[in-house]
Amino acid sequence: MTYDNPALTIVSDEVKDGSIRWRSPSNIALVKYWGKHGDQLPQNASVSFTLDGAATDTTLHYAARRSAGEGVEVELFFHGESKPDFTTRTKGFLERLLPIYPFLRQLSLRIDTTNSFPHSAGIASSASGMSALALCLVSLEERLFAPLTDRSEFNRKASYLSRLGSGSACRSVYGTAAVWGRVPDLGESSDEYAVPVGDRLHPVFQSYHDDILLISRTEKAVSSRAGHGLMEHNPYAPTRYAQANRRVVTMLDVLRTGDTERFGELVESEALTLHALMMSSHPYYTLIEPNTLHVINTLQQFRRETGHPVHFTLDAGPNVHLLYPDVVADPVKKFIREHLLHYCEDKMYLADRIGRGPEELAVNETTNA
Ligand code: DP6
């Protein structure tokens, strides 16, 4: 499929200045996307929970450009400060969208963006940031041209555009949980955009918590982009892609039936497999740290002693995400405070949970994020 549309150009004199604002959350992969090909297409399917508190709030201001130039005219402000490096990345992303949105060349854009989580928390902001911007763009298309056929078409297009900015961002467009990548028996699934898990999610998972233990807030040595690239020559890659595709099918079944034990086995194995792939790349590298392993071992002991269904997952970094249902929230939070916080940098963790997905906000509305 293609969204390329040379007809989407504006008559500059008819466009009034305006602003659009979206808040979009981050997500945590349960079955990981690791390895890509072509234009941001995944080597395997992935599933994630959408978070609630960790989010990006983006306002897109637009005005007709005085004289149409070659590229896109944009400036990005992060927490009120002009950011040349973010501006360059965003400009590159918007210019790649010109075949889809040729009108972007005819506008002057200013983007104001803030994250709800501390900048140096070691939390990837590309999923929330790219999805928030993509949602603003699809809203802008609707404002300048015509509404899309329905909500699901709106979300699909926003997910497609998000993917072009950052693969994992395409899953942030939906509340609770999302699947990205072609999955047999999931008719609407695609490598080009994510689809919602929706009512195939058992109630036990709808109350899930994700407490993010901040083991280290140092910028990671190898970016996800570079990590994906190293999968091209990883000897385990073909086996891994087949495994992940099978696991997505199993995970969807687990999410539907509410089996928290099988859920835990799968997410923990996925986390360790992701890091094993980094360790078996050439050149090899490690992103986990000694305290990552201390947390994992202490958690497993707590689980053996209490039987509480609390499991870990990892992103492409040393921080540990603890996933558990609301019924065990009190003992788990006590355990975190008493036994895990001293492994965290500055004793910091972010308490998050499954969220309802992005929301469009009134411009200038303040959020409590
Ligand atoms: C480990 O989506 O950040 O978080 O497409 O290059 O922007 P790019 O990569 P990115 O990779 C995320 C990898 C992961 C697993 C996941 O979210 O599925």
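Screening residues 169-198 for ring pair (Phe, Tyr, Trp, His ring centres under 6.0 Å) gives Y33-W180 as the qualifying pairs, with residues at least two apart or on separate chains. Among residues at least two apart or in separate chains, ring pair (Phe, Tyr, Trp, His ring centres under 6.0 Å) pairs with a member in residues 231-278 are F49-F263, F205-F263, Y208-F263.
In this structure, the separation between OG1 on T313 and CG on L274 is 8.0 Å, given to the nearest 0.5 Å. Separation of atoms NE2 (H311) and OH (Y324) is listed at 13.5 Å; rounding is to 0.5 Å. With rounding to the nearest 0.5 Å, the separation of CZ in R96 from CG in L161 is 10.5 Å. One distance of note links CZ of R247 with CG of D253; it measures 15.0 Å at 0.5 Å rounding. The distance from atom CG of L255 to atom CG of L201, rounded to the nearest 0.5 Å, is 5.5 Å. Atoms CD and CZ, from E261 and R303 in turn, are 7.5 Å apart once rounded to the nearest 0.5 Å.
In the model, R240 has a side-chain atom that pairs as donor or acceptor with a side-chain atom of Q243 under 3.5 Å. No side-chain donor from either of S128 and S26 sits under 3.5 Å from a side-chain acceptor of the other. In summary, the side chains of T56 and T113 do not present any donor paired with an acceptor at a separation below 3.5 Å, with no hydrogens or angles considered. T87 and E75 share no donor-acceptor pair across their side chains, judged by distance under 3.5 Å alone. Counting only N and O atoms by type, the side chains of S216 and T218 include a donor and acceptor under 3.5 Å apart. In this model, no donor atom of one side chain and acceptor atom of the other lie less than 3.5 Å apart for T257 and D259. Looking only at atom types and distance, the side chain of D17 has no donor-acceptor partner in the side chain of H61 under 3.5 Å away. A donor and an acceptor atom, one from each side chain of R171 and S48, are located under 3.5 Å apart. For the residue pair S126 and S166, a side-chain donor N or O sits within less than 3.5 Å of a side-chain acceptor on the partner.
The side-chain heavy atoms of D211 and I336, taken from C-beta on, include a pair separated by under 4.5 Å. Residues M130 and F93 meet the side-chain proximity criterion, which asks for heavy atoms closer than 4.5 Å. Counting heavy atoms from C-beta outward, T114 and F78 have side chains that stay 4.5 Å or more apart. Looking at heavy atoms from C-beta onward, P25 lies in side-chain contact with P358 at the 4.5 angstrom threshold. Under the 4.5 Å side-chain criterion, counting only non-hydrogen atoms from C-beta, R21 is not in contact with L60. In this structure, K36 and P42 have side chains that are not in contact, with every pair of non-hydrogen atoms separated by 4.5 Å or more. Inter-residue side-chain proximity for L137 and K157 is flagged as unmet; no heavy-atom pair is nearer than 4.5 Å.
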Tell me, with the steps shown, if E73 and R105 meet side chain to side chain contact (heavy atoms under 4.5 Å, CB included).
CA-CA 7 Å; E73 188 179 286; R105 193 185 271 125; over 6 Å; no

May I have the step-by-step check of salt bridge (Lys or Arg N to Asp or Glu O under 4.0 Å) for E265 and R262, ending in yes or no?
CA-CA 5 Å; E265 277 169 35; R262 263 174 89 212; over 6 Å; no

Checking side chain to side chain donor-acceptor pair (under 3.5 Å) for the pair K16/Y62: CA distance, chi angles, key distance, verdict?
CA-CA 9 Å; K16 289 209 207 76; Y62 60 92; over 6 Å; no

Begin with the C-alpha distance, continue with both residues' side-chain angles, and end with the deciding distance and a verdict on side chain to side chain donor-acceptor pair (under 3.5 Å) for S189 and R182.
CA-CA 5 Å; S189 63; R182 191 69 205 97; 2.6 Å; yes

ring-ring contact (aromatic ring centres under 6.0 Å, His included) between F103 and F145, intermediate numbers included
CA-CA 10 Å; F103 64 86; F145 301 95; 5.3 Å; yes

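When all heavy atoms are compared, the tightest approach of R163 to E192 is NE-O, 2.6 Å. The minimum heavy-atom distance linking C170 with A194 is given by the pair O-CB, 3.3 Å. Nearest heavy atom pair, residue A177 against residue T50, reads N-OG1, 4.1 Å. A271 approaches F312 most closely through the heavy-atom pair CB-CE1, 3.9 Å. Closest approach of P238 and N234 over heavy atoms only: CD-O, 4.3 Å. When all heavy atoms of A54 and S116 are compared, the closest pair comes out as CA-OG, 3.5 Å.
In the hydrophobic clustering of this structure, M278 does not group with I288; members are Ile, Leu, Val, Met, Phe, Trp, Tyr whose side-chain heavy atoms approach within less than 4.5 Å, directly or through other members. Under the 4.5 Å side-chain heavy-atom criterion for ILVMFWY residues, a single connected hydrophobic cluster contains both V195 and L135. With hydrophobic clusters built from ILVMFWY side chains whose heavy atoms lie under 4.5 angstrom apart, L214 shares a cluster with L323. In the hydrophobic clustering of ILVMFWY residues, with side-chain heavy atoms under 4.5 Å counting as a link, V295 and V332 come out together. V320 and V267 are members of different hydrophobic clusters when ILVMFWY side chains are connected at heavy-atom separations under 4.5 Å.
N44 contributes a side-chain N or O that, together with a main-chain N or O of K32, makes up a donor-acceptor pair within less than 3.5 Å. Looking at S269, its side chain never comes within 3.5 Å of a backbone N or O of L266 through a donor-acceptor pair. With hydrogens and angles disregarded, no donor-acceptor distance shorter than 3.5 Å links the side chain of D191 to the backbone of L41. E345 contributes a side-chain N or O that, together with a main-chain N or O of R217, makes up a donor-acceptor pair within less than 3.5 Å. Of the possible polar contacts, one joining the N245 side chain to the A45 backbone as a donor-acceptor pair under 3.5 Å is found. Under the 3.5 Å distance criterion, the side-chain polar atoms of E95 are matched with a main-chain donor or acceptor of V72. In this structure, R356 contributes its side chain and G175 its backbone to no donor-acceptor pair below 3.5 Å. Distance alone, capped at 3.5 Å, is enough to place a donor-acceptor pair between the N319 side chain and the I215 backbone. At least one donor-acceptor pair under 3.5 Å links the side chain of H79 to the backbone N or O of N115. Distance alone, capped at 3.5 Å, places no donor-acceptor pair between the N291 side chain and the H294 backbone.
Heavy-atom contacts from other residues, nucleotides or ligands closer than 6.0 Å to CD of E81 number 12 or fewer. More than 12 heavy atoms of other residues, nucleotides or ligands lie within 6.0 Å of CG in D85, so this atom counts as buried by the packing criterion. Within 6.0 Å of NE2 on H282 lie no more than 12 heavy atoms contributed by other residues, nucleotides or ligands. With a 6.0 Å radius and a threshold of 12 heavy atoms from other residues, nucleotides or ligands, N297 has its CG atom above the threshold. Shown here is D150, whose CG atom has more than 12 heavy atoms of other residues, nucleotides or ligands within 6.0 Å.
The only member of D326, D52, D210 that meets salt bridge (charged side-chain N to carboxylate O under 4.0 Å, His left out) when paired with R353 is D326. Partner of S131 under the side-chain hydrogen bond (donor to acceptor under 3.5 Å, both in side chains) criterion, out of S159, S24, S168: S24 alone.
Between R200 and E188 there is a salt bridge, since a side-chain N of the basic residue sits under 4.0 Å from a carboxylate O of the acidic one.
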